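So you know, we letter chains A, B, ... as the sequences are listed, proteins then strands, and number each from 1. Since we're looking at a predicted model, the values are computed, not measured.
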2 protein chains.
Amino acid sequence: MTEEEYLAAYDPRAFPAVAVTVDVVALTIRDGALHVLLVRRGGPPFEGAWALPGGFVQPDEDLRAAAARELLEETGVTTLGRFHLEQLASYGAPDRDPRMRVVSVAHLAFAPDLPDPAAGSDAREAAWVPVDALGLPDAAGSRDRPVRQRPGTSRRLAFDHARILADGLERARGKLEYTPLATRFTGPEFTIAELRAVYEAVWGDSLHAGNFHRKVLSVPGFVESTGATTERGGTRGGPRSKLYRAGDARLLHPALLRPSREEAVR
Amino acid sequence: MTEEEYLAAYDPRAFPAVAVTVDVVALTIRDGALHVLLVRRGGPPFEGAWALPGGFVQPDEDLRAAAARELLEETGVTTLGRFHLEQLASYGAPDRDPRMRVVSVAHLAFAPDLPDPAAGSDAREAAWVPVDALGLPDAAGSRDRPVRQRPGTSRRLAFDHARILADGLERARGKLEYTPLATRFTGPEFTIAELRAVYEAVWGDSLHAGNFHRKVLSVPGFVESTGATTERGGTRGGPRSKLYRAGDARLLHPALLRPSREEAVR
DNA sequence: ATAATAGTGTCTTTGAGACACTATTCG
DNA sequence: CGAATAGTGTCTCAAAGACACTATTAT
């Protein structure tokens, strides 16, 4: 690339047509299982397949704003509220979209448990789908639970969205280790057991309740007590739990490390 | 309409004109100090300012391939060899380039100590510049050392490259904690002291030589002995060091954590 | 000789995890 | 009552870091 070519940039049409989109890996926890927000494709390519919500970045629209717009549109929520939204990575293999060159800037979102998205005006069907039902390669969470496929659900995600989802899951697992973002999956007040359920759903591993409890309370700024307790004990018995809200820590120190990842080291 | 008909009828120009570029934060260690590869801009905007090497993604070119091409062009090296190259993040603020909408997919590279880049055929001046000389906000490495500004060097990087560089530095600091990538800054064989110098340059902190030594050898797969030793001791005395090469670990377990980041937690 | 460095030994403190145990609440 | 759960106590082991020390080499 010579300087002259670079200066020719004044003419936007001098460059190969590239479309820039955002895609969102939005995760939530339902009934103790990790779910991802998907939309059913209404036209080719990959007609009828599930895909991550996403779309073109509009002129004068920031990448994050575009991702937030897509996320809110498909969830039917009006503001980001307690959502967590961060950039994940960009995907630009030349053949990833058969129509044209598309570079997608993927984002990762954590959402509290939400009602099912209403079928929007854009006629796109959106749904929270259990991650385990998608049969991802290397999905750590799919070891224990049996994979239940929803009727009419093709397991193959459109485009390279299976890879994007896998990358998002891995990022999410890591983020829970050293940030307090697990609290973004819960309501504003939560019990330690609810927080533990978040970790177990995302990591796909069961954790020792007692040690987890002590560990969470020992990390400065992770959670702070509200002073209140739940109205009732658990559905199968047990004392009422104390309630907590997110503290002011942005990083967990020391971190909550996932159980033995020895096998992932080499 | 069949899939083929649909694709044939598809008009790529229906989308807003966006240019996609790659920029590279290439880091190396020279004389114990962290350096970044920069190019001097030869025309407006930001004429005469330093910028990260980068350029447009070519048709049918993968994002990583584009970043590798830019990296090799400006370093004057022919193959990636022992370079480390990973995607960093994408930057797409609507006004980040005054000419048009540009989304840049930034990459992060670690390089061993290389000769100065020859002024290439493209007449762009490229140089390894000490990171401390750039006066970045929140540059952890700039606390101890005095900032020496090179003659004729504007400290302000072009576009949003200061932010990209800052993000790259933070990523690099974190990567050294839990991956063996520090070895990518050295030659194929290195001493523990050389490895420690890498950590000290990137983290901008001095480490305890004895504890570092024991820690590195205790992490499985981080380094493996070559059996050889250096020909001479250090320039100011001391015994000869044993030589090591990179081991087969992809993650360090347990990790080498940076000294007390308590202040960064809230 | 002096100073600097490579590498090792040892002690203290922190934290992770296993296990046990009590108190509370639901069915 | 019996089972499940919240929360705490305690013990063991791994690891981080401070400090000390020896051996080796350059000047």
Side-chain angles (χ1 to χ4, degrees), chain A residues 32 176-178 186 189-200 203 205-220 222-244 251-262 265, chain B residues 32 176-178 186 189-200 203 205-220 222-244 251-262 265:
Chain A
L176 292 206
E177 290 191 315
Y178 58 93
T186 70
E189 299 192 356
F190 50 86
T191 66
I192 301 296
E194 284 171 343
L195 196 61
R196 177 162 48 83
V198 171
Y199 276 90
E200 291 180 332
W203 285 350
D205 223 328
S206 64
L207 302 174
H208 187 288
N211 288 338
F212 180 86
H213 194 106
R214 184 171 349 95
K215 170 71 186 179
V216 166
L217 294 186
S218 77
V219 176
F222 190 2
V223 299
E224 60 185 28
S225 175
T226 67
T229 64
T230 52
E231 290 294 318
R232 297 179 41 83
T235 54
R236 283 173 294 183
R240 304 181 211 180
S241 326
K242 295 179 185 169
L243 285 170
Y244 298 85
L251 292 174
L252 303 184
H253 186 78
L256 269 125
L257 297 182
R258 278 177 268 186
S260 168
R261 301 198 296 153
E262 308 285 343
V265 167
Chain B
L176 291 208
E177 291 190 315
Y178 59 92
T186 71
E189 298 192 356
F190 50 85
T191 67
I192 301 296
E194 285 171 342
L195 195 61
R196 178 162 48 84
V198 171
Y199 276 89
E200 292 180 333
W203 286 349
D205 222 328
S206 63
L207 302 174
H208 187 286
N211 289 338
F212 181 86
H213 194 106
R214 186 169 350 95
K215 170 72 184 177
V216 166
L217 295 187
S218 78
V219 176
F222 190 2
V223 299
E224 59 185 30
S225 176
T226 67
T229 63
T230 53
E231 290 294 318
R232 295 179 42 82
T235 54
R236 285 173 291 184
R240 306 182 216 180
S241 327
K242 294 180 187 169
L243 285 170
Y244 298 86
L251 292 174
L252 303 184
H253 186 77
L256 268 125
L257 297 181
R258 279 178 269 188
S260 167
R261 302 199 296 153
E262 307 286 345
V265 167

In whole Å, I'd like the distance from the NZ atom of A:K215 to the P atom of D:dG9. 18 Å
Tell me: NZ of A:K242 to P of C:dA23, nearest whole Å? 15 Å
Could you check how far NE2 of B:H208 sits from C1' of C:dT5, rounded to whole Å? 13 Å
From C-beta outward on A:P254, which listed nucleotide comes closest to its side chain: D:dA15, C:dA16, C:dT5? C:dA16
Here the distance between atom P of D:dG17 and atom CG of B:L207, to the nearest Å, is 9 Å
Touch class at under 4.0 angstrom, heavy-atom based, for B:G233 against every strand present: sugar-phosphate
Over all strands shown, is A:G234 touching base, sugar-phosphate only, or nothing at heavy-atom distances under 4.0 angstrom? sugar-phosphate
Of the non-hydrogen atoms in B:R196 and B:L207, which two are nearest, and what is the gap between them? CD-O, 4.1 Å
Do A:R214 and C:dG15 have a side chain to base donor-acceptor pair shorter than 3.5 Å? no
On DNA chain C, does the nearest nucleotide to B:R236 precede the nearest nucleotide to A:L257 from the 5' side, or the other way round? Give the residue. B:R236
I'd like to know whether B:Y244 forms a side-chain contact (heavy atoms from CB on, under 4.5 Å) with B:L195, so could you lay out the CA-CA distance, the side-chain angles of the two residues, the decisive distance to 0.1 Å, and finally the verdict. CA-CA 10 Å; B:Y244 298 86; B:L195 195 61; over 6 Å; no
Just by distance, do the side chain of B:K215 and the backbone of B:A255 share a donor-acceptor pair under 3.5 Å? yes
Taking any heavy-atom pair under 4.0 Å as a contact, classify A:A209: base, sugar-phosphate, or nothing. nothing
D:dT27, OP1 or OP2 - any side-chain N/O from B:R232 closer than 4.0 Å? yes
Nucleotide C:dT24, atom P - distance to CD of A:E231 in whole Å: 18 Å
How many Å lie between NE2 on A:H213 and P on D:dA4, as a whole number? 21 Å
Could you check whether A:T191 gets within reach of a base, just the sugar-phosphate, or nothing at all, counting any heavy atom under 4.0 Å? nothing
Heavy atoms only: give me the nearest B:L256-B:W203 pair and the separation to one decimal. O-CH2, 3.3 Å
Given DNA chain D, 5'-ward residue of the pair A:G238 and A:I192, judged by closest heavy atom: A:G238
Reference residue A:T191; test side chain to side chain contact (heavy atoms under 4.5 Å, CB included); the match among A:T186, A:V223, A:T229, A:T230: A:T230
Separation of A:F212 atom CZ from D:dT5 atom C1', in whole Å? 15 Å
Touch class at under 4.0 angstrom, heavy-atom based, for A:S218 against every strand present: nothing
How long is the line joining CG of B:L195 and P of C:dG7, in whole Å? 12 Å
Quick check for you: among D:dA6, D:dC19, D:dT24, whose closest atom lies nearest to any side-chain atom of B:N211? D:dC19
Side-chain-base donor-acceptor pair under 3.5 Å for B:R240 and C:dG7: no
